[in-house]
Protein chains: 2
Amino acid sequence: MGIVQRKEREKEEMRRLILDAALRLFREHGYDGVSIRNIAEAIEYSPGTIYLYYKDKSEIFFALQFEAAALKRDHLLPVANIENPWERLIEFGRRYIDFGMKHPDLYDLLFITRSPMEYIENQECWNLGLATHSFFVETVQACVDQRYFKSTDTDTIAYTLWCHAHGLVSLFIRERMRMYPEEKRQELAQKSFAMIVKMAESI
Amino acid sequence: MGIVQRKEREKEEMRRLILDAALRLFREHGYDGVSIRNIAEAIEYSPGTIYLYYKDKSEIFFALQFEAAALKRDHLLPVANIENPWERLIEFGRRYIDFGMKHPDLYDLLFITRSPMEYIENQECWNLGLATHSFFVETVQACVDQRYFKSTDTDTIAYTLWCHAHGLVSLFIRERMRMYPEEKRQELAQKSFAMIVKMAESI
DNA sequence: CAAATTTGATGAACACTGTTCATTAATTCC
DNA sequence: GGAATTAATGAACAGTGTTCATCAAATTTG
């Protein structure tokens, strides 16, 4: 009776096929620049078939968003092994920015795109992001506890650092740094990270 | 021979009519959520008429983006009267964030939305933004000249402050602060601004 | 003033979009 | 092998941006 297992596997493969094609196309042309017919054509199936695996276009987007959140968590996970909270915090920041730079499309999906996620909640994805955010705030809290900062306002410190990192990544990937030559942008980003770390030392 | 003037005026009125309707609709439903037919219906004209005044949908977007840039400049303009560069810088930051909070749709248009502006350049709008950005960097330079900072790396200082402000505004208006209760968000934003100012004092 | 010309607005048409669903083909079960 | 279930199809519907021949009104010309 391996049939039901095989069917399950085939269904999973098909969903994988759709997701991979969709991510590639979203990457290249953006959410609105890609049609269900485009995805169907890419995987050599008819448009209607897509709807046997995802109830609509936004559900494909949600699935990708969830994967992005998981990938981001995995990208940040190694940080948890760093004992010293101050070093952990710095490495968290470095890796957060690194993730955004390396996977602009995924970062976009998670923190910038408005597409569908406006009204419907992508609950499981949100929970994943929440966990990562909690870990971040806890790290800041540990720094506060060990007197790495003069201030004891954990939330504001965490939020301020997050603003900087998010601003840095999103200005970068949404092309709002065109006043600086290509090669200067990366350099500025690195120097700015170093600067915010220095600044953080004196909060 | 006032006919040509009247026609010119009528043409301008029609463009105004279209832009006002478009901005209202974009505000409510986003760029992609609004069709040319929606705009046409709102101003009680046929879809084809729109194309007599704007060559395509993206040109309407560009026109709005330009107006947003002008509005932002006007919002920041009073700052130029502040003699002391440090106070000028702080007030610039406050007003920048204030603009983003008060006009999320316009801020979005200028710094987040990707819609068309990807490949085609909105040159005049870009120039306006560039001028504002130059003014900002010059203010930082003035602070550097007068030894308000230990660091002399004007570009990195300016960029770091911009990252924070942009991150703050864009996290806010793209609803990525839902882990904090409604009333806490505004408070966090204010505290964070105060904190970055304090931090800046010790760069 | 009437005729000719220019202008402004129209809405049908084209190729596209997301989505649904009756029909068909393949597979599984008995 | 025949019945029942499942998977895939592609036509159809209502929407999209955009174009364009057509028509009516306004303007210019004779």
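Being a predicted model, the structure only gives us computed values, none of them experimental. Residue numbering restarts at 1 for every chain, and letters A, B, ... go by the order of the sequence lines.
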Quiz item: Just to confirm, is there a sub-4.0 Å distance from OP1 or OP2 of C:dA9 to any side-chain nitrogen or oxygen of B:Tyr53?
Solution: yes

Quiz item: Starting at CG of B:Asp56 and ending at P of D:dT19, how long is that distance when rounded to a whole Å?
Solution: 8 Å

Self-check item: Between P of C:dT20 and OH of A:Tyr54, the distance in whole Å
Solution: 17 Å

Practice problem: Tell me, yes or no, whether the heavy-atom count around B:Glu44 atom CD, taken from other residues, nucleotides or ligands under 6.0 Å, exceeds 12. | Solution: no

Quiz item: Hey, is the side chain of A:Asn38 poking within less than 4.0 Å of OP1 or OP2 on C:dC16, counting only N and O atoms?
Solution: no

Exercise. Report yes or no: does A:Arg176 contribute a side-chain atom to a donor-acceptor pair with the main-chain N or O of B:Leu110 at less than 3.5 Å?
Key: yes

Quiz item: For B:Tyr45 and C:dG8, what is the distance between atoms OH and C1' respectively, to the nearest whole Å?
Solution: 9 Å

Quiz item: Roughly how many Å is it from NE2 in B:His29 to C1' in D:dG15, rounded to a whole number?
Solution: 15 Å

Quiz item: Do the ring planes of A:Tyr96 and A:Phe111 sit parallel (below 30°), tilted (30 to 60°) or perpendicular (above 60°)?
Solution: tilted

Practice problem: Rounded to the nearest angstrom, tell me the gap between atom NZ in A:Lys55 and atom P in C:dC21. | Solution: 15 Å

Practice problem: Answer yes or no: does atom CD of A:Glu41 have more than 12 heavy-atom neighbours from other residues, nucleotides or ligands under 6.0 Å? | Solution: no

Quiz item: Taking N and O atoms by type only, does the side chain of B:Arg37 place a donor or acceptor under 3.5 Å from a partner on the base of D:dG15?
Solution: no

Quiz item: Could you state the CD1-P distance from A:Ile36 to C:dT19, rounded to the nearest angstrom?
Solution: 6 Å

Quiz item: Roughly how many Å is it from OH in A:Tyr51 to P in D:dA7, rounded to a whole number?
Solution: 19 Å

Quiz item: Do the two ring centres, one from A:Trp86 and one from A:Phe149, sit under 6.0 Å apart?
Solution: yes

Quiz item: Taking the six-membered ring for Trp, are B:Phe99 and B:His103 ring centroids under 6.0 Å apart?
Solution: yes

Practice problem: Considering just the side-chain nitrogens and oxygens of B:Thr49, establish if one lies under 4.0 Å of OP1 or OP2 belonging to C:dA9. | Solution: no

Self-check item: Nearest-Å distance for atom pair CD/P, residues A:Glu41 and C:dC16
Solution: 10 Å

Please list each protein N or O that sits under 3.5 Å from an N or O in nucleotides 23-27 of chain D, with the distance.
from   : atom 1 : to     : atom 2 : distance (Å)
D:dT27 : OP1    : B:Arg6 : NH1    : 2.9
D:dT27 : OP1    : B:Arg6 : NH2    : 2.5

Exercise. Tell me whether the OP1 or OP2 atom of C:dT10 has a side-chain N or O from B:Ser46 closer than 4.0 Å.
Key: yes

Quiz item: B:Pro47 or B:Lys11: which one's nearest nucleotide on DNA chain C is closer to the 5' end?
Solution: B:Lys11

Quiz item: Taking 4.0 angstrom as the limit, do A:Arg24 and A:Asp20 come out as a salt bridge?
Solution: no

